[in-house]
Amino acid sequence: MTAICGKRTGATFRAWAVEKNGTLVAVGGVVYGKPLIIGFSRIAAGAEMKPQTVWRLTRKLWNNVMALGHPVIYAIADPDLPTAPAFLERLGFKHIESDVRGEIYEWQTP
């Protein structure tokens, strides 16, 4: 986790890692915060992936997350990534509020 995110989470989480040619290039999953479950993903700096590859890997990851059976998952759009809000919405997240943490999104079991 620290190889991609640069820090320890200090929380319990379930994550999946993606390797390319033996190198860790991405990680994603859920953090079990109290009382919220927060989805996360991160692509390593310098990891060169086509947008189609990123989307395919994201869909596989999201299928794993949905299989965990959590009724509600939250996410904060990365403020340094202009496409983050649209990406979250494409996954089915809905914008619920803006605050000092950023743009907050919620996903609920259909």
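Position 1 is the first residue of the sequence; numbering continues from there.
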Provide the closest heavy-atom pair for L61 versus G29 in the form atom of the first, atom of the second, distance. CD1-N, 4.0 Å

Can you list the residues that meet the side-chain hydrogen bond (donor to acceptor under 3.5 Å, both in side chains) rule with D99, with sequence neighbours excluded? R101

What residues join I38 in its hydrophobic cluster, counting side-chain heavy atom gaps under 4.5 Å, either direct or through other members? L36, V72, Y74, I76, I96, I104

Can you find a heavy atom in the side chain of H95 that is under 4.5 Å from one in the side chain of F93? no

Quick one: side chains of residues 51-58, donor-acceptor pairs under 3.5 Å with protein atoms, not counting sequence neighbours, listed by atom name and distance.
| from | atom 1 | to | atom 2 | distance (Å) |
| --- | --- | --- | --- | --- |
| T58 | OG1 | V54 | O | 2.7 |

Residue pairs, two or more places apart or on separate chains, that pass side-chain hydrogen bond (donor to acceptor under 3.5 Å, both in side chains) and touch residues 59-71: Y32-H70

Identify, with sequence neighbours excluded, every residue that meets side-chain contact (heavy atoms from CB on, under 4.5 Å) alongside D80. D78

Nearest 0.5 Å, what's the CD1-CZ distance between I37 and R14? 11.5 Å

Could you name each residue pair satisfying salt bridge (charged side-chain N to carboxylate O under 4.0 Å, His left out) that touches residues 83-93, not counting sequence neighbours? none

Closest heavy-atom contact between V31 and F40? CG2-CD2, 3.6 Å

Validation row: W107, L88 side chains within 4.5 angstrom (heavy atoms): no

